[in-house]
Amino acid sequence: MTAPRPAAAPTGGTDADDGRDGSHRLPPPRPAYDTHTWKEIAHLLLNLPAAVIGFTYAFTVLVAGGALTLTVIGFPLLALCLLVSRQLGKVERARARKLLGVRVEEPSPLPLARSGGPVQRVWMALKDPVGWRTLLYDVIRLPWGILTFATTLTSLFVLWPVLPYLARLMANLDRAMVRGLLSPSDELERRIAELESDRGIVVDTAAADLRRIERDLHDGAQARLVNLAMGLGLAKEKLLEDPDAAAAMVDEAHGEVKLALQELRDLARGIHPAVLTDRGLDAALSAVASRCTVPVKVNVDLPARPAAAIEGIAYFTVSELLQNVSKHSGARTASVDAWRADDRLLLQVRDDGRGGARLDGGSGMRGLAERLGAVDGLFVVDSPAGGPTVITAELPWRDRQE
């Protein structure tokens, strides 16, 4: 397991302002044309054809899409056009990166695969700020493209001594527009969309857990308690007629009470084990490792206890992984490691079994990945055929509130 990824460096700068030591700073404009000046001139001359194409597309989308929203196909068609506008923005970012040196990261793709049905996907595309800002960029670029093309072309023949200075000024305005409208400043909106999708996963998981608890109560402890009540009722009726039979029935009921209590304890352990609440993750993981059919070495190196919710997710993640080791791995030994690295809680479960574990293998690992993803965690499976299997889980560290 590697340490958590370092925070990404700020994006959206240019070669002119990325290097604070001046090593990557653009040279100042001079009457003698250099490579940077010619690139800026080429970009300004290409502004007109690019602006005409972008404006034509944006105008068609806004007029035709707005009119067709009165029909059934209007909104899906508009959503598709916004997805295409994302690609036009990608082309413009590439042009600015190549000719102007603007270092702008690509916006994250929309999580359409996890957004549910077609209606949810259309709605996500319709409220995509990247697509709308690209259309705005295409609309306002037409007058700017005409101005820069005419000024640059005229200056090549009339004002060529000062053209490098004019080109730098207009190119800097182009850089500002690219950074302002085409940079991935939609991070907050994208994050909100991901959290909305993750919230659905959390709700579904909670509903499934409630159904499991209800089923376990109905099929286990509840049925046993019903039989216990019936047995005690019969024993009460036979108490005077046949004391020996009544005593035997009471003994049987006593055994049923013990079994019902054991089932309730197992059910409570499945909801939240008492050892986790009382003694923390180290003792709880040691307890779950002791129930594994494979010898497990547990190593927990935590300076303090994390938040209760994070601690619970970590416990149940390791518990399910060790169940998979018992059922599917064919391993002889296994190990569990837990430690903190910066602001992340890292868990790693290894075994020397046959390998071949996959997220789509039907062993519940996809559910674990979705559950960790819902709390901004990571789940990585490394399990080549023949083993060994190394599964790594990362969770955000939050301090425990006593």
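We number each residue from 1, following the sequence as shown.
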Discussion item. Within the structure provided, determine whether Leu163 and Leu156 are in side-chain contact (heavy-atom separation under 4.5 Å).
Written reply: yes
Worksheet item: Does Ser326 reach the main-chain N or O of Cys292 with its side chain, forming a donor-acceptor pair under 3.5 Å?
Response: no
Response to the item:
Minimal heavy-atom distance between Asp352 and Ala331, with the atoms involved, is OD1-CB, 3.3 Å
Discussion item. For a quick test of reading the model, state the closest non-hydrogen atom pair linking Arg168 to Arg175 and the distance between them.
Written reply: CD-NH1, 4.2 Å
Worksheet item: So, does Arg340 use its side chain to make a donor-acceptor pair with the main chain of Asp342 at under 3.5 Å?
Response: yes
Discussion item. Working note: Leu281 + Arg305, criterion side-chain contact (heavy atoms from CB on, under 4.5 Å); need CA distance, chi angles, decisive distance, verdict.
Written reply: CA-CA 8 Å; Leu281 201 57; Arg305 295 181 63 177; over 6 Å; no
Practice prompt. Output the distance between atom CZ (Arg95) and atom CG (Leu100), rounded to the nearest 0.5 Å.
Written response: 7.5 Å
Discussion item. Would you say that Leu347 contacts Val336 through its side chain, given a criterion of any heavy-atom pair below 4.5 Å between the two side chains?
Written reply: no
Discussion item. Donor-acceptor check, side chain of Ser319 to backbone of Tyr315, threshold 3.5 angstrom: yes or no?
Written reply: no
Discussion item. I'd like to check Val349 versus Leu322 (side-chain heavy atoms, cut-off strictly below 4.5 Å). Are they in contact?
Written reply: yes
Worksheet item: When you measure from the side chain of Arg350 to the backbone N and O of Ser335, does any donor-acceptor pair fall under 3.5 Å?
Response: no
Worksheet, complete the sentence: Heavy atoms of Arg332 and Pro295 approach each other most closely as O-CD, 3.2 Å
Discussion item. Before you tell me yes or no, could you show the steps for Val52 and Leu142 under side-chain contact (heavy atoms from CB on, under 4.5 Å), namely the whole-Å CA-CA distance, both residues' side-chain angles and the distance that decides it to 0.1 Å?
Written reply: CA-CA 6 Å; Val52 170; Leu142 181 60; 4.1 Å; yes
Worksheet entry | Close side-chain approach of Glu92 to Val178, heavy-atom, < 4.5 Å | no
Worksheet item: If you round to the nearest 0.5 Å, how far is CG of Leu80 from CZ of Phe75?
Response: 15.0 Å
Response to the item:
Nearest heavy-atom contact between Ala58 and Val139 is CB-CG2, 3.8 Å
Discussion item. I'd like to know if the side chain of Trp397 and the backbone of Leu346 have a donor-acceptor N/O pair within less than 3.5 Å.
Written reply: no
Worksheet item: Does some side-chain heavy atom of Leu181 sit less than 4.5 Å from a side-chain heavy atom of Ile140?
Response: yes
Worksheet item: Can you check whether Asn47's main-chain N or O pairs, donor with acceptor, with Arg141's side chain at less than 3.5 Å?
Response: no
Worksheet item: When rounded to the nearest 0.5 angstrom, what is the spacing between OH in Tyr57 and CG in Leu88?
Response: 6.0 Å
Worksheet item: Are the side chain of Tyr137 and the backbone of Gly180 linked by a donor-acceptor contact shorter than 3.5 Å?
Response: no
Worksheet, complete the sentence: In this structure, CE of Met177 is separated from CG of Leu136 (nearest 0.5 Å) by 11.0 Å
Item to complete: Determine the minimum heavy-atom distance between Val298 and Ser286, stating which atoms define it.
Response: CG1-OG, 4.1 Å
Item to complete: Give, for atom CZ of Arg398 and atom CG of Leu345, the distance between the pair rounded to the nearest 0.5 Å.
Response: 11.0 Å
Discussion item. For the CG atom of Leu44 and the CG atom of Leu166, what is their distance to the nearest 0.5 Å?
Written reply: 9.5 Å
Fill in: Any donor-acceptor pair under 3.5 Å from Asn299 side chain to Asp337 backbone
no
Worksheet item: With no hydrogens and no angle check, is any side-chain donor or acceptor of Ser155 less than 3.5 Å from a backbone partner on Thr152?
Response: no
Worksheet item: Is it true that a side-chain atom of Ser383 and a backbone atom of Gly356 form a donor plus acceptor pair closer than 3.5 Å?
Response: yes
Worksheet item: Yes or no on side-chain contact (heavy atoms from CB on, under 4.5 Å) for Leu135 and Leu82, after CA distance, side-chain angles and deciding distance?
Response: CA-CA 8 Å; Leu135 288 181; Leu82 287 171; 3.6 Å; yes
Worksheet item: Passes side-chain contact (heavy atoms from CB on, under 4.5 Å), Ile146 versus Leu48? Steps please.
Response: CA-CA 6 Å; Ile146 296 174; Leu48 181 58; 3.6 Å; yes
Worksheet item: Which pair of heavy atoms, one from Thr56 and one from Thr60, lies closest together, and at what distance?
Response: O-OG1, 2.7 Å
Worksheet item: Does the side chain of Leu147 reach to within under 4.5 Å of the side chain of Trp144, using non-hydrogen atoms?
Response: yes
Discussion item. Side chains of Leu99 and Leu46, heavy atoms from C-beta outward: is any pair under 4.5 Å?
Written reply: yes
Item to complete: Side-chain contact test, heavy atoms from C-beta onward, threshold under 4.5 Å: evaluate it for Val102 versus Arg97 and give yes or no.
Response: no
